[in-house]
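Everything on this sheet refers to the single structure shown next.
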Amino acid sequence: MRNLIAHPPVTGTRLKQLLATALMATTLGACMSSPGTGKNDPLPVKSRQETLDWAKQLTEHLAQTAGIRINDEPADPVFTSCIGKNGETAPDDRYILIYGVHSNVPNAQHNDVVRKVRDRLTSEGLKITEYQETQGAEPDSTVSARHPSSRYVVDVASTAGNDRMVLSVTTPCLMPPSASPAPTP
């Protein structure tokens with residue numbers, strides 16, 4: 001499976017734009033639905049700290065799968081409110097987490113990293129939604145996958161600058177334990 005989509009290098013502002021786009025694409029309508037069968041099913045309940053810990057473990061799993069090491073620089077967690085398909089929001093603190101970390105990876109190894117991650121995620125039941133290997137001197141390798149029932153999204157991609165990749169996780173809409181679910185119509 002291969003998408004030959006040209007991607008500009010991913011840097012600070014570009015990374016935030018990419019993450020915001022991923023957020024919109026993966027959560028459109030997620031605020032009002034869950035992995036169940038109906039749009040009014042309850043959202044999964046998880047504290048922000050539990051979600052942050054889980055995202056950290058998942059990115060560590062991705063790094064271990066690829067045989068790379070996560071940089072010591074701080075992670076970039078972003079909690080946002082859930083926004084429904086028609087722009088609706090709820091006053092119950094439901095949220096989405098976008099969590100990203102970086103790894104120094106020699107440019108020549110970017111394709112190997114995305115292959116290993118793609119193969120592992122596929123074997124774990126995730127659906128690959130984007131896959132691309134670098135075709136030239138400039139690194140532009142990426143793999144994105146979505147878990148079919150939990151609906152979280154993982155991305156591993158080349159970034160701007162030499163020898164760097166980003167590993168990120170985007171959750172679906174989650175409900176904090178202290179909030180009560182919104183009433184169903």
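In this chain, numbering begins with 1 at the start of the sequence shown. All heavy atoms count here, side chains included; hydrogens, waters and symmetry mates do not. Just so it is clear, the structure is predicted and the values come from calculations on it, not from any experiment.
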Testing the basics here: between [X] and [Y], what is the closest heavy-atom pair and its distance to 0.1 Å?
X      : Y     : answer
Cys173 : Leu43 : SG-CD1, 3.7 Å
Pro77  : Leu52 : CB-CD1, 3.6 Å
Ala55  : Leu97 : CB-CD2, 3.8 Å

Under the 3.5 angstrom rule, does the side chain of [X] hit a backbone N or O of [Y] as a donor-acceptor pair?
X      : Y      : result
His110 : Ala157 : no
Thr65  : Arg120 : no
Asn111 : Glu133 : no
Asp163 : Asn107 : yes

key: His61: ring-ring contact (aromatic ring centres under 6.0 Å, His included) partners, not counting sequence neighbours   =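 Applying ring-ring contact (aromatic ring centres under 6.0 Å, His included) to His61 gives none.
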Residue Glu60 excluded, over 12 heavy atoms near CD under 6.0 Å =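 Enclosed.
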Answer with yes or no whether the side chains of [Y] and [X] bring together a donor and an acceptor at under 3.5 Å.
X      : Y      : result
Thr134 : Ser141 : yes
Ser144 : Asp155 : yes
Asp140 : Gln135 : no
Gln57  : Asp53  : no
Thr51  : Tyr95  : yes

For the atom pair [atom1] ([X]) and [atom2] ([Y]), what is the distance rounded to the nearest 0.5 Å?
X      : Y      : atom1 : atom2 : result
Asp72  : Asn104 : CG    : CG    : 9.5 Å
Ser168 : Leu58  : OG    : CG    : 9.5 Å
Gln64  : Thr59  : CD    : OG1   : 11.5 Å
Ser103 : Asn71  : OG    : CG    : 5.5 Å

query = With sequence neighbours excluded, what pairs up with Glu50 under the salt bridge (charged side-chain N to carboxylate O under 4.0 Å, His left out) test?
reply = none
request  = Check the pair Asp112 / Lys116 against salt bridge (charged side-chain N to carboxylate O under 4.0 Å, His left out), numbers first and verdict last.
outcome  = CA-CA 6 Å; Asp112 188 46; Lys116 287 177 182 177; 3.3 Å; yes
task = Classify the angle between the aromatic ring planes of Trp54 and Tyr152 as parallel (below 30°), tilted (30 to 60°) or perpendicular (above 60°).
result =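 Perpendicular: the ring planes of Trp54 and Tyr152 meet at over 60°.
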query = Pick one: which of Ile83, Leu174, Thr80 meets side chain to side chain contact (heavy atoms under 4.5 Å, CB included) with Ile96?
reply = Thr80
message = Does the Lys NZ or Arg CZ of Arg48 fall within the cation-pi geometry relative to Phe79 - under 6.0 Å from the ring centre and within 45° of the axis?
response = yes
query = Would you call Glu130-Arg118 a salt bridge at under 4.0 Å N-O?
reply =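 No salt bridge links Glu130 with Arg118.
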